[in-house]
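A quick write-up on the structure given underneath.
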Amino acid sequence: MFVRKKKYPSGNIGVIVVEKIGGKMKELATIGVAYSENEVESLVNEAKVWISKEEARRHPQLDLYGEERKACDREREEVRRVLSQVSNILLNGCDLILDRTFDRIGFNRIDDEIFRKLVKARLTYPTSKAATVEYLKNNLDEDVDLSKIYRYLDKLSNHQHKIVQDISVRHTAKLFGGNIGVLFYDVTTLYFEADYEDELRKTGFSKEGRHSNPQIILGLLVSLGGYPLAYCIHEGNKYEGHTMLPAINEFVSKYGLENFVVVADSGLMNNANIAELEAHGYKYIIGAKIKNESAEIKEWILNQPKQDKNMVEYDKGGRTSAFGRLYR
């Protein structure tokens with residue numbers, strides 16, 4: 001659809017919305033007749049608005065995450081409300097704001113000042129442990145010994161990480177109206193500058209190209225908007241497809257999740273994982289590459305209308321696949 005200006009014998013100009021159908025032009029709507037250049041411009045703008053409304057009517061936008069998005073919008077509005085009430089920022093203003101956010105989320109359940117300081121420092125100046133000590137001293141006038149931070153990290157790993165996860169999950173669920181509707185899962189690898197392997201750090205396929213270095217596999221489960229839910233650590237030589245279902249099953253069982261969708265890429269969604277997802281009754285979305293599909297499916301996908309946020313289904317025999325196409 002596009003706007004056409006039509007000049008009449010009287011000299012006036014008509015503004016019309018037309019569409020090319022089957023090689024022929026069809027007039028869809030006459031917006032009006034202009035008697036001056038200013039009126040022409042005004043009618044053209046009205047025609048563009050008409051086209052936008054007609055496009056929306058013909059192709060309503062697919063919104064899989066409406067409730068979660070509304071919850072995110074509410075959170076942003078709450079942040080704006082809090083910031084709008086700030087009338088003065090002191091040198092430690094950022095520290096005061098983060099203290100309030102820290103408490104509102106619920107992390108003050110962990111009565112440990114080292115934890116609070118490390119969280120705030122990580123948000124304002126993410127860097128190494130040694131540089132964090134310098135940052136706390138120079139900016140917050142906090143003297144924290146580096147060895148004390150390392151000892152605390154053992155405490156966090158051994159005793160407190162489950163409490164941190166529980167606080168994070170419950171805050172995320174609250175943002176989304178009590179229900180976490182989407183679970184995104186992916187993995188990465190972290191290598192170590194070490195010469196020898198141990199029970200956890202082993203050589204394997206490295207996403208960073210460091211195949212000769214011992215590494216670990218880190219799996220991360222997040223919700224819509226990137227809110228962290230859970231993580232898992234595995235041996236560096238483990239097949240990444242075997243890490244997903246244990247992490248999801250444990251999380252779902254622990255928090256009693258219902259009516260959610262698991263989202264992962266095709267490398268994690270092998271046939272065994274898909275079968276187990278279906279056996280549990282989980283809904284899922286697989287990120288896949290068109291080039292890996294059959295010639296018939298490729299042709300079918302590429303022949304679909306190029307419409308923004310449009311979803312179509314194709315029966316592959318025993319399992320229906322949905323293909324969403326997003327154009328920017």
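Values below: all heavy atoms of this structure, side chains included; hydrogens, waters and symmetry mates excluded.
Looking only at side-chain heavy atoms (C-beta outward), Asn270 and Met244 stay at 4.5 Å or farther from each other. Looking only at side-chain heavy atoms (C-beta outward), Val3 and Ile51 come within less than 4.5 Å of each other. Side-chain atoms of Lys207 and Val187, non-hydrogen and from C-beta on, do get closer than 4.5 Å to each other. Side-chain contact between Leu200 and Ile233: present, with at least one pair of heavy atoms (C-beta onward) separated by less than 4.5 Å. Residues Val33 and Tyr8 form a side-chain contact, since some pair of their non-hydrogen atoms from C-beta on lies under 4.5 Å apart. Considering only heavy atoms from C-beta on, Leu218 stays 4.5 Å or farther from Thr189 through its side chain. Here the side chains of Met269 and Leu277 are in contact, with some heavy-atom distance below 4.5 Å. You'll find the side chain of His211 stays beyond 4.5 Å of the side chain of Thr203, heavy atoms only.
A donor-acceptor pair under 3.5 Å links the side-chain atoms of Ser206 to the main chain of Glu208, judged by distance alone. Of the possible polar contacts, one joining the Asn273 side chain to the Leu268 backbone as a donor-acceptor pair under 3.5 Å is found. At least one donor-acceptor pair closer than 3.5 Å links the side chain of Gln215 to the backbone N or O of Phe205. Of the possible donor and acceptor atoms, none in the side chain of Lys298 sits under 3.5 Å from a partner among the backbone N and O of Ile290. The backbone N or O of Leu153 sits nowhere less than 3.5 Å from a side-chain atom of Ser157 that would complete a donor-acceptor pair. At distances below 3.5 Å, at least one donor-acceptor pair connects side-chain atoms of Gln304 with backbone N or O atoms of Trp300. Within the 3.5 Å criterion, the main-chain N or O of Arg81 finds a donor-acceptor partner in the side chain of Ser84. Checking side-chain atoms of Thr243 against main-chain N and O of Tyr239 turns up no donor-acceptor pair under 3.5 Å. Judged by distance alone, the side chain of Arg122 and the main-chain N or O of Thr127 form a donor-acceptor pair under 3.5 Å.
Ion pairing between Glu142 and Lys117 holds under the 4.0 Å rule for side-chain N and carboxylate O. Salt-bridge check for Arg104 with Glu78: passed, with a basic side-chain N closer than 4.0 Å to an acidic carboxylate O. Using a 4.0 Å cut-off between a side-chain N of Lys or Arg and a carboxylate O of Asp or Glu, Arg201 and Asp198 qualify as a salt bridge. Salt bridge status for Arg76 with Asp73: present, with a side-chain N to carboxylate O gap under 4.0 Å. A salt bridge links Asp166 to Arg109: at least one charged side-chain nitrogen sits closer than 4.0 Å to a carboxylate oxygen.
A donor-acceptor pair shorter than 3.5 Å cannot be found between the side chains of Gln165 and Tyr231. No side-chain N or O of Ser36 forms a donor-acceptor pair with one of Asn38 less than 3.5 Å apart. Looking only at atom types and distance, the side chain of Lys283 has a donor-acceptor partner in the side chain of Asn259 under 3.5 Å away.
Within the model, atoms CD1 of Ile163 and CD of Gln160 stand 6.0 Å from one another, a figure rounded to the nearest 0.5 Å. Phe107 CZ to Thr101 OG1: the interatomic distance, rounded to the nearest 0.5 Å, is 11.0 Å. Remark: Lys162 NZ to Ile167 CD1 distance equals 14.5 Å, nearest 0.5 Å. Remark: Met1 CE to Lys20 NZ distance equals 15.5 Å, nearest 0.5 Å. Interatomic distance, CZ of Arg4 versus CD of Glu19, reported as 12.5 Å (0.5 Å rounding). For the atom pair CG (Leu229) and OG (Ser168), the distance works out to 8.5 Å, reported to the nearest 0.5 Å.
Checked against the 6.0 Å centroid criterion, the rings of Phe115 and Phe102 qualify as a close aromatic pair.
The shortest heavy-atom contact between Ala121 and Leu136 is CB-CD2, 4.1 Å. Between Ile216 and Phe192, the shortest heavy-atom contact is CG2-CE1, 3.8 Å. The minimum heavy-atom distance linking Ile180 with Phe260 is given by the pair O-CB, 3.7 Å. Shortest non-hydrogen contact noted between Val15 and Ala47 is CG1-CB, 4.1 Å. Nearest heavy-atom pair, Ala230 versus Phe251, reported as atom, atom and distance to 0.1 Å: CB-CD1, 4.0 Å.
The 12-atom threshold is not exceeded at NZ of Lys48, counting heavy atoms of other residues, nucleotides or ligands nearer than 6.0 Å.
When the side-chain contact (heavy atoms from CB on, under 4.5 Å) test is applied to His171, the partners found at least two apart in sequence or on another chain are Glu75, Ile105, Leu175.
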Worked verdict on Glu296 versus Tyr314 for side chain to side chain donor-acceptor pair (under 3.5 Å) = CA-CA 11 Å; Glu296 178 185 351; Tyr314 183 93; 2.9 Å; yes

Derivation and outcome, side chain to side chain donor-acceptor pair (under 3.5 Å), residues Asn249 and Glu276 = CA-CA 10 Å; Asn249 288 335; Glu276 186 171 346; 3.2 Å; yes

